[in-house]
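Data first, discussion second: the structure below is written as structure tokens.
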Amino acid sequence: MQVEFKNEPFTNFKLPENKQAFEKELAKVESEMGREYDIIIGGERIRTEKKINSINPSNKEQVVGVVSQADQALAEKAIQTALNAFETWKDVNPQARSRYLYKAAAIMRRRKHEFSAWLVKEAGKSWAEADADTAEAIDFMEYYGRQMDRLAERQPLTRIPTEDNELYYVGLGVGIVIPPWNFPLAIMAGMTTAAIVSGNTVVLKPASTTPVIAAKFMEILEDAGVPAGVVNFLPGSGGEVGDYLVEHPMTRFISFTGSRDVGLRINELAAKPRKGQKWMKRLIAEMGGKDSIVVDNDCDLEAAAQAIVASAFGFSGQKCSACSRAIVHADVYDQVLNRVVELTKELTIGDVVNPEFYTGPVVDAKAYNKILEYIEIGKSEGKLMAGGEKGPETGFFIQPTVIADVAEDARLMQEEIFGPVVAFCKANDFDHAMEIANNTEYGLTGSVYSRNRAHLERARNEFFVGNLYFNRKCTGALVGVHPFGGFNMSGTDSKAGGPDYLLLFTQAKLVSELL
């Protein structure tokens, strides 16, 4: 019997033994830079002529790995392999499927610092951010295993004496898992293992900027004994491979985390039935946010300022939950703004192999150029208070940036930037603050700092986001503690890491027998 779920503890890198252990794994990962990684279909490793280089965003000259790219023929092979594997995997006892996840979690726990080191190198995460990502991956597997065990139990139905009635949760079929690059281990592992523990098989198309971490995760699944074909590793471009997988008539569901535009395109493609398709495809989508921290005139202003900085600039603002909008009551606006500027100017930025740096680069050249363009837009829409400049030229570094006096309908307040930029907007009163908080097309996370209980209760009812936090930052959701997912253009409110999540990967079947 499994023990009660508990979140994986974060590593205290102030302890010398932990710091030394992490440095050892960083050296190990460094020795593996530039290796080749194959496509994996049904356990077969396939090397193609077309490859991409995964680049260390802290050091643009360093190749993390060379990854083979699939074409449509290999995408078809992956779908057919997953379809064949589904015929046996669907009949595996649910508790047996859970045990694969528990085994994978145990292996990852033993390799925890190694995976975090890969996150430092390939995703540009600081030691703390990488450690949290790996811990969350472990949490997802432990949590979803237990949730499947719960769903496999005899379900509570209203019983009648003349019939034997049972409700079962069965898998859907072949799923396409398209994870993001910003949590390339945690979200990728969570999406994949939720699908397979529910009785489905998977074609995993990793993010193009972080495919090596996904390849390393495949090692975990193989070591845990997951049968060949249950998860098929298919790196490739979205245009050539992604659309093909989404449109395929044998695709039963798509689990996607990424941008609004890509999510809407997937939704459109998946909604159209194809020849031979017998179902409506299911889409599980998390599509980003434009998240606000609201600061009332009656609150702990220092705590609010600290939260804005942590939420806006942790991992260079590359979180769908990151604070990109600070909505501050006019009475305390200058005080909060000035303190945030002070704290922002204290932040250090550089190659996160060095733990002395608070934050690292943005992920690639495309993101780098986009964010710099938004900073220029911000300079015309408001007042630059901190940052606004490039960082070291060795990587894709951008200084944490604060722009003040931004209008509530400005582009900087409305459009997702996904970088280290926060816009300050002044609210006349709490009514006005709530209006601004709800004025975007997104609805993922938000936070309110206030001591006014009436205001907090009003926000509880009116602040339209999937994850709302009071007197704490708007990032850092924990599996099992803060089920995660948003409203509106933030996606389908999937509530990853919550008790309802596996229902999205299953269908309920009722069997009734007359006695």
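Quick note: residue numbers are just sequence positions, from 1. Computed from a prediction, not measured in an experiment: that's the story for all the values here.
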* Check: Glu286/Ser494 side-chain N/O donor and acceptor closer than 3.5 Å -> no
* If you round to the nearest 0.5 Å, how far is CZ of Arg325 from CE of Met413? -> 4.0 Å
* Structure fact -> Closest non-hydrogen atoms of Ala459 and Leu468, given as atom of the first, atom of the second and distance, are O-CD2, 3.4 Å
* Asked: Counting only N and O atoms by type, is there a donor-acceptor contact under 3.5 Å from the side chain of Ser68 to the main-chain atoms of Asp38?
  -> no
* Asked: Ion pair present between Arg260 and Glu416, side-chain N to carboxylate O less than 4.0 angstrom?
  -> no
* side-chain contact (heavy atoms from CB on, under 4.5 Å) assessment of Leu74 paired with Ile39 -> CA-CA 9 Å; Leu74 287 173; Ile39 295 161; 3.7 Å; yes
* Asked: Which atoms form the tightest heavy-atom contact between Lys205 and Gly238, and what is the distance?
  -> NZ-N, 4.1 Å
* Asked: Can you name the nearest heavy-atom pair linking Trp279 to Gln277, along with the distance?
  -> O-NE2, 2.7 Å
* Candidate pair Leu101 and Met148, rule side-chain contact (heavy atoms from CB on, under 4.5 Å), full reasoning -> CA-CA 10 Å; Leu101 268 62; Met148 193 65 241; over 6 Å; no
* **Non-neighbouring partners of Glu415 that pass side-chain hydrogen bond (donor to acceptor under 3.5 Å, both in side chains), sequence neighbours left out** => Tyr374, Arg411
* Under a 4.5 Å cut-off applied to non-hydrogen side-chain atoms, are Ser321 and Phe484 in contact? -> yes
* With the side chain counted from C-beta on, respond yes when Met218 and Tyr37 share a heavy-atom pair under 4.5 Å apart, and no when they do not. => no
* Using atom types as modelled and distance alone, determine if a side-chain donor or acceptor of Tyr169 lies under 3.5 Å from a backbone N or O of Gln507. => no
* Asked: Are any of the side-chain nitrogens in Glu142 or Arg146 under 4.0 Å away from the carboxylate oxygens of its partner?
  -> yes
* How about His482 and Tyr469: do any of their side-chain heavy atoms sit closer than 4.5 Å? -> yes
* Take His248 and Leu83 through the test side-chain contact (heavy atoms from CB on, under 4.5 Å) and record every step on the way to the result. => CA-CA 12 Å; His248 200 286; Leu83 189 63; over 6 Å; no
* Any donor and acceptor pair, going by atom type alone, linking the side chain of Asn438 with main-chain N or O of Glu462 inside 3.5 Å? -> yes
* Asked: Any side-chain heavy atom of Leu185 sitting closer than 4.5 Å to one from Leu119?
  -> yes
* To do: Apply the test side-chain contact (heavy atoms from CB on, under 4.5 Å) to residues Tyr442 and Asp291: give CA-CA distance (whole Å), side-chain angles for both, the deciding distance (0.1 Å), then the verdict.
  => CA-CA 8 Å; Tyr442 296 100; Asp291 310 300; 5.9 Å; no
* To do: Mind running salt bridge (Lys or Arg N to Asp or Glu O under 4.0 Å) on Lys370 and Glu373 for me, showing each step along the way?
  => CA-CA 5 Å; Lys370 173 189 171 184; Glu373 287 175 8; over 6 Å; no
* Polar side-chain atom of Thr48 near backbone of Lys50 as donor-acceptor pair, under 3.5 Å -> yes
* Structure fact -> What one should report as the nearest heavy-atom pair of Thr209 and Pro211 is C-CD, 3.4 Å
* Asked: Taking C-beta and beyond as the side chain, do Ile41 and Leu234 meet within less than 4.5 Å on heavy atoms?
  -> yes
* Asked: Does one side chain, of Ser116 or Thr134, offer a donor that lies under 3.5 Å from an acceptor on the other?
  -> yes
* Hey, are the side chains of Leu167 and Leu510 touching, using non-hydrogen atoms and a 4.5 Å cut-off? -> yes
* Shortest non-hydrogen contact between Lys275 and Pro249, atoms and distance -> O-CB, 3.4 Å
* Report yes or no: is the cationic atom of Lys319 (NZ for Lys, CZ for Arg) closer than 6.0 Å to the six-membered ring centre of Phe183, at no more than 45° off its axis? => no
* Asked: About how many Å separate CG of Asn200 and OG1 of Thr192, when rounded to the nearest 0.5 Å?
  -> 11.5 Å
* Do other residues, nucleotides or ligands put more than 12 heavy atoms under 6.0 Å from the CD atom of Glu268? -> no
* Lys/Arg-Asp/Glu bridge criterion (N-O < 4.0 Å) met for Lys216, Glu219 -> yes
* Hey, does the side chain of Asn56 reach the backbone of Val64 with a donor-acceptor pair shorter than 3.5 angstrom? -> no
* Asked: Are any non-hydrogen side-chain atoms of Gln147 and Leu151 less than 4.5 angstrom apart?
  -> no
* Asked: Is the NZ atom of Lys390 crowded by more than 12 outside heavy atoms at less than 6.0 Å?
  -> no
* Asked: Ignoring hydrogens and geometry, is there a side-chain-to-backbone donor-acceptor pair from Gln318 to Pro361 under 3.5 Å?
  -> yes
* To do: Please determine if Asp133 and Lys125 form a salt bridge, counting it only when a charged side-chain N lies under 4.0 Å from a carboxylate O.
  => yes
* May I ask you to check whether over 12 heavy atoms, not counting those of Arg265, lie within 6.0 Å of atom CZ? => no
* To do: Please check if atom NZ in Lys51 has more than 12 non-hydrogen atoms from other residues, nucleotides or ligands closer than 6.0 Å.
  => yes
* Asked: Would a distance-only check, ignoring hydrogens and angles, find a side-chain to backbone donor-acceptor pair under 3.5 Å from Ser447 to Lys473?
  -> no
* Sidechain-backbone polar pair: Ser311 side chain, Cys323 backbone, donor-acceptor under 3.5 Å -> no
* Asked: Hey, does the side chain of Lys379 reach the backbone of Ile403 with a donor-acceptor pair shorter than 3.5 angstrom?
  -> no
* Asked: Can any side-chain N or O of Asn84 pair as donor or acceptor with the backbone N or O of Thr81 at less than 3.5 Å?
  -> no
* Asked: Which heavy-atom pair separates Val212 from Glu122 by the least distance, and what is that distance?
  -> N-OE2, 3.0 Å
* With Tyr144 as reference, evaluate Phe505, Tyr501, Phe5 under the ring pair (Phe, Tyr, Trp, His ring centres under 6.0 Å) test and give the passing residue. => Tyr501
* Side chain proximity check, Thr251 to Ile79, heavy atoms < 4.5 angstrom -> yes
* **Distance-only side-chain donor-acceptor flag, Gln72 / Glu76, under 3.5 Å** => no
* Asked: Salt bridge between Arg460 and Glu457, side-chain N to carboxylate O under 4.0 Å?
  -> yes
* Asked: Just by distance, with hydrogens left out, do Thr359 and Ser316 show a side-chain donor and acceptor under 3.5 Å apart?
  -> yes
